[in-house]
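The structure presented is a predicted model; accordingly, all values stated were derived computationally and were not measured. Throughout, numbering of the chain's residues begins at 1 and tracks the sequence.
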Amino acid sequence: MERKAILIDIQRCVGCELCKWACKEANGLPDTDDQELSPNAYTVIKERNGYFVRRQCMHCEDPACKSACPVDAFQKVEQGPVLYDAAKCMGCRYCMLACPFEVPTYEWDKRLPKVTKCIFCEHKVREGELPACVESCPFEATEFGDRNEIIEVARQRIKDNPGMYVDHIYGLEEVGGTSFLYISPVPFEELGFRTDLQTDPLGMLTWQALKKVPDIALFGGATLYGIYWITSRRDEVAAFEKKQEQVDEAEE
């Protein structure tokens, strides 16, 4: 299966936010009007210099979040999404520090918090369906398909409309490439995009740095994971004992 990608055409986006609300519905998120990425919002729309810019996980081809995670809680799956496994996460939040787009957020207010971000509607893509954000867009500002085909769509649109778009596809090469791509009528730096990113995957640098981490740091990570497992297991046992007490009382 070819990698999938999404093209966001900033010229066509009118800021209706239907993609944001469709994302919430598809992922069972609270019906709150969020303005920033959070555990309650995987997609947001920001107005920048008269244009509307959509933010979500970029689903990098070689994700820095994956390379920074000491317990392999992230994976890049064949279809394109970068997925997170909460069962493996030890809460170190290295992924949040590693992400060049400042995407992952954390459930700070929960007893057993998770990292949260857009999942590319992997459950829908796997079944051959469109991601919710693409399906909901009435102005064709968001398009979905095989990554190579989406790149050609973007190139052709720029070529066919001279003067309407800057001659750059954001995400084509940034940090090794991403699964979310953008075309824009104005320079990307005017819209708040990072334009200082290298073209090599950041994961390469992260791995090189991690290889130099002292053994004591790795031991500390293992210790934290052990504490997390013990705490989780203790909670499970307590819940079981409480349920058993209720059963015993009911039988009496």
Side-chain angles (χ1 to χ4, degrees), residues 3-4 6 20-32 34 36-44 55-127 129 131-133 175 178-180 202-203 206-207 210 213 217-243:
R3 284 270 206 267
K4 301 298 182 181
I6 288 178
K20 179 175 85 173
W21 297 111
C23 174
K24 282 179 171 287
E25 182 177 355
N27 291 284
L29 300 176
D31 187 18
T32 52
D34 303 88
E36 302 289 345
L37 295 177
S38 74
N40 294 332
Y42 299 167
T43 299
V44 294
R55 289 203 69 220
Q56 73 292 304
C57 175
M58 296 289 283
H59 295 276
C60 301
E61 291 292 282
D62 190 347
C65 57
K66 172 177 170 54
S67 63
C69 180
V71 293
D72 201 27
F74 289 88
Q75 63 171 323
K76 175 81 173 180
V77 299
E78 184 180 4
Q79 297 96 327
V82 176
L83 302 181
Y84 161 76
D85 186 347
K88 293 182 178 180
C89 181
M90 69 179 191
C92 69
R93 301 184 295 281
Y94 289 165
C95 56
M96 296 173 67
L97 296 174
C99 179
F101 304 107
E102 300 181 351
V103 167
T105 56
Y106 197 61
E107 297 175 324
W108 296 99
D109 59 341
K110 292 191 177 180
R111 185 170 57 85
L112 294 175
K114 298 182 297 185
V115 173
T116 63
K117 69 176 194 66
C118 159
I119 62 170
F120 207 120
C121 280
E122 188 271 341
H123 54 296
K124 293 170 67 67
V125 172
R126 188 174 62 248
E127 299 299 324
E129 301 176 19
C133 58
V175 296
T178 63
S179 293
F180 271 76
L202 292 181
T206 305
W207 175 242
L210 284 176
V213 174
L218 297 178
F219 174 76
T223 301
L224 286 173
Y225 184 76
I227 293 172
Y228 167 76
W229 185 88
I230 291 170
T231 301
S232 299
R233 181 58 179 163
R234 183 186 60 194
D235 291 339
E236 291 175 2
V237 171
F240 175 80
E241 291 177 344
K242 183 176 180 180
K243 183 176 181 180

For [X] versus [Y], what's the shortest heavy-atom pair and its separation?
X: C89; Y: G91; value: SG-N, 3.3 Å
X: V71; Y: M90; value: CG1-SD, 4.0 Å
X: C60; Y: P63; value: O-CG, 3.5 Å
X: A132; Y: C23; value: CB-N, 4.4 Å
X: K114; Y: A86; value: CD-CB, 3.5 Å

Could you check whether any side-chain heavy atom of [X] comes within less than 4.5 Å of a side-chain heavy atom of [Y], counting everything from C-beta outward?
X: T116; Y: E107; value: yes
X: H59; Y: C118; value: yes
X: V175; Y: D62; value: no
X: F120; Y: P131; value: yes
X: C133; Y: T43; value: no
X: K76; Y: R3; value: yes

[atom1]-[atom2] distance between [X] and [Y], expressed to the nearest 0.5 angstrom:
X: S67; Y: D72; atom1: OG; atom2: CG; value: 10.5 Å
X: Y42; Y: N27; atom1: OH; atom2: CG; value: 5.5 Å
X: Y106; Y: C95; atom1: OH; atom2: SG; value: 9.0 Å
X: S179; Y: M58; atom1: OG; atom2: CE; value: 9.0 Å
X: K117; Y: F101; atom1: NZ; atom2: CZ; value: 12.0 Å

K20: which residues meet the salt bridge (Lys or Arg N to Asp or Glu O under 4.0 Å) condition with it, sequence neighbours left out?
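Result, salt bridge (Lys or Arg N to Asp or Glu O under 4.0 Å) vs K20: E17, D33.
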
Quick test of your reading: applying salt bridge (charged side-chain N to carboxylate O under 4.0 Å, His left out), list the pairs with at least one residue in residues 92-105, sequence neighbours left out, ordered by first then second residue.
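Pairs touching residues 92-105 that pass the test: none.
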
Classify the ring geometry between Y84 and F74 as parallel (under 30°), tilted (30 to 60°) or perpendicular (over 60°).
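Aromatic pair Y84/F74 classed tilted.
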
Does atom NZ of K124 have more than 12 heavy-atom neighbours, drawn from other residues, nucleotides or ligands, at distances under 6.0 Å?
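Yes.
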
Count the heavy atoms belonging to other residues, nucleotides or ligands that lie under 6.0 Å from CD of E129, then report whether that count exceeds 12.
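Yes.
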
Partner of K24 under side-chain hydrogen bond (donor to acceptor under 3.5 Å, both in side chains), chosen from D34, D31, N40
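Going through D34, D31, N40 one by one, the side-chain hydrogen bond (donor to acceptor under 3.5 Å, both in side chains) with K24 is satisfied by D34 alone.
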
If the condition is side-chain contact (heavy atoms from CB on, under 4.5 Å), which residues does L37 pass it with, not counting sequence neighbours?
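side-chain contact (heavy atoms from CB on, under 4.5 Å) check on L37 returns V44, R55, V103, T105.
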
